[in-house]
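In what follows, chains are A, B, ... by sequence order, proteins preceding strands, each numbered from 1.
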There are 2 protein chains.
Amino acid sequence: MPRPRSLTQGQIAAAALAVIDRDGLAALSMRTVAGELGMSTMALYRYVGDRDELEGLVVELVLDGVDASPPPGATWQERITVLAGRVRERVGAHPGVVPLTMTHRHRSAGILRWSETVLGVLAEAGVEGPERVVALRGLLSYLIGAIQLEHLGPLSGEGTAAIAGLPRAEFPRMAETAGHALLIGAEEEFHGGLAIVLRGIAART
Amino acid sequence: MPRPRSLTQGQIAAAALAVIDRDGLAALSMRTVAGELGMSTMALYRYVGDRDELEGLVVELVLDGVDASPPPGATWQERITVLAGRVRERVGAHPGVVPLTMTHRHRSAGILRWSETVLGVLAEAGVEGPERVVALRGLLSYLIGAIQLEHLGPLSGEGTAAIAGLPRAEFPRMAETAGHALLIGAEEEFHGGLAIVLRGIAART
DNA sequence: ACCTGAACACCGTTCAAGT
DNA sequence: ACCTGAACACCGTTCAAGT
């Protein structure tokens with residue numbers, strides 16, 4: 001652990017995030033971040049152990065920006081929806097960091113506070129014990145998958161193009177489904193899937 | 001597109017997968033794969049356009065191994081559970097490729113056949129039209145998130161350690177939940193979350 | 001025609017040297 | 001004490017040359 005002087009770890013993270021937002025994740029390197037800060041490459045190592053830690057700081061910066069305060073909403077379903085939407089919007093504002101969020105997610109105190117709030121709402125819904133663990137992890141799994149699907153899935157329409165070119169005889173349902181898929185926006189899709197998970201939590205045996 | 005002679009793209013993919021399985025994803029490079037095949041680095045470019053395409057071939061090799069045939073099961077829920085389990089097992093057998101599956105998923109014809117089968121089961125369940133699109137994407141989102149959480153989440157217990165060290169006063173629910181989480185295995189967690197999604201699909205309005 | 005090695009422009013990181 | 005640039009061991013990929 002180095003002892004920062006002229007800069008804070010937060011400023012390092014902000015510079016790295018600026019590089020990612022402007023030039024994409026592929027452009028992130030110790031050299032580009034140092035350049036963004038107007039310092040030598042090696043000076044970075046005074047604030048950060050290695051590249052992995054730098055990535056962790058970026059994820060922390062993004063996820064700490066997620067509002068973890070008790071959400072509005074008449075029902076617990078509405079409140080969870082607000083909470084899930086906050087993560088989706090925050091991460092969606094920095095799509096370049098999406099591939100980093102999975103591996104470095106645990107470093108954010110903000111996302112832990114967010115999880116605490118989610119657990120509180122689940123408790124209000126009457127979900128207790130191990131059932132609540134499964135509900136939280138299920139919710140988290142959906143959230144992670146949905147956000148990745150939204151931002152890394154199509155890759156400039158390559159996926160939908162592949163499906164469109166499928167032989168109808170062999171893939172009758174996929175062809176039919178592709179037609180419907182065009183009518184559904186990302187927002188609607190996300191909330192439709194989330195509604196499934198929420199109904200599943202509500203309809204517990 | 002080069003014209004392979006002595007080797008097929010499948011053999012290239014198998015060599016790359018062998019490197020990943022043995023030494024991890026970080027060890028994957030054009031040089032190590034070429035070495036695995038006993039050929040010069042540049043000879044690889046006769047079979048593959050670039051590194052990105054090589055990664056795509058590996059994902060294809062893994063996902064094409066997913067059985068897409070009509071699954072056994074008395075109810076549609078059981079049949080979807082079997083289908084989801086096949087993906088989880090196949091990917092879980094090669095955890096190093098997990099980070100690659102998201103970006104290259106669309107290249108696999110096997111996963112398209114799998115999706116076709118899933119859509120067929122959803123149709124048997126009476127899920128139709130845009131609702132079926134949302135159900136498939138929701139299921140896929142859960143599957144992606146759950147598999148990633150299982151294989152990239154803790155990172156050698158770092159995550160659970162972070163949660164265990166949380167101040168109880170500020171995170172009462174997380175502390176309580178962490179205790180329950182220890183009692184639940186990965187298998188149970190996966191199927192518990194999947195059951196939530198399936199109940200949500202069944203309980204549609 | 002197929003394959004090769006040298007070379008180029010990048011990486012992350014180490015280390016000895018500067019102030 | 002803090003910061004620097006050269007250097008090392010890697011990358012992916014280009015290209016001219018070999019058979």
Side-chain angles (χ1 to χ4, degrees), chain A residues 1-61 96-97 99-100 102-104 107 155, chain B residues 1-61 96-97 99-100 102-104 107 155:
Chain A
M1 285 293 112
R3 296 187 211 158
R5 213 196 53 141
S6 59
L7 257 52
T8 66
Q9 283 200 323
Q11 288 172 293
I12 304 284
L17 183 57
V19 169
I20 295 172
D21 285 343
R22 186 185 348 108
D23 303 319
L25 181 58
L28 183 75
S29 76
M30 304 303 277
R31 283 164 174 87
T32 55
V33 173
E36 183 80 14
L37 290 162
M39 65 204 311
S40 84
T41 304
M42 291 318 299
L44 261 189
Y45 284 87
R46 202 141 294 278
Y47 301 90
V48 126
D50 57 12
R51 188 203 157 106
D52 194 64
E53 192 180 333
L54 176 65
E55 291 179 356
L57 288 177
V58 173
V59 173
E60 200 177 331
L61 175 63
V97 309
L100 302 181
M102 180 53 44
T103 25
H104 298 285
R107 295 217 206 189
L155 273 191
Chain B
M1 287 292 111
R3 295 184 213 162
R5 211 196 55 141
S6 58
L7 259 50
T8 66
Q9 283 200 322
Q11 287 172 293
I12 304 283
L17 184 57
V19 170
I20 295 173
D21 285 342
R22 186 185 347 107
D23 303 319
L25 181 58
L28 182 76
S29 75
M30 303 304 276
R31 282 166 175 87
T32 55
V33 174
E36 184 80 14
L37 291 163
M39 64 204 312
S40 84
T41 304
M42 292 318 300
L44 262 187
Y45 285 87
R46 201 141 294 279
Y47 302 89
V48 125
D50 56 14
R51 188 203 157 105
D52 194 65
E53 191 179 335
L54 176 65
E55 292 180 355
L57 288 178
V58 173
V59 173
E60 199 177 331
L61 176 63
V97 310
L100 301 181
M102 180 53 44
T103 25
H104 297 285
R107 294 217 205 187
L155 273 191

Rounded distance in Å - CZ (B:R46) to C1' (C:dA1): 8 Å
For residues 9-20 of chain A, pull every pair meeting salt bridge (charged side-chain N to carboxylate O under 4.0 Å, His left out), keeping only residues two or more places apart or in separate chains. none
What does nucleotides 12-19 of chain C look like as a protein-contact string, B for base, S for sugar-phosphate only, - for none, at under 4.0 angstrom between heavy atoms? BBB-----
Here the gap from B:L100 atom CG to B:L17 atom CG, rounded to the nearest 0.5 Å, amounts to 10.0 Å
I need the A:L37 CG to A:I12 CD1 distance, nearest 0.5 Å. 5.0 Å
Please check if any side-chain donor atom of B:S40 sits under 3.5 Å from a side-chain acceptor atom of B:Y45, or the reverse. no
Under the rule for side chain to side chain contact (heavy atoms under 4.5 Å, CB included), what residues qualify as partners of B:A16, not counting sequence neighbours? B:L28, B:V33, B:L54, B:V58
Donor-acceptor under 3.5 Å (A:D52 side chain, A:E55 main chain): no
Quick check on D:dC3: is either OP1 or OP2 less than 4.0 Å from any side-chain nitrogen or oxygen of A:S6? yes
Name all pairs fulfilling the salt bridge (charged side-chain N to carboxylate O under 4.0 Å, His left out) condition that reach into residues 15-39 of chain B, sequence neighbours left out, sorted by first residue then second. B:R22-B:E36
Please determine whether a side-chain nitrogen or oxygen atom of B:Y47 lies at a distance below 4.0 Å from atom OP1 or OP2 of C:dC3. yes
Counterpart residues, side chain to side chain donor-acceptor pair (under 3.5 Å), relative to A:T32 (two or more places apart): A:S29
All stems with DNA chain D, defined as three or more consecutive Watson-Crick or G-U pairs under 3.5 Å: C:4-8 with D:12-16, C:12-16 with D:4-8
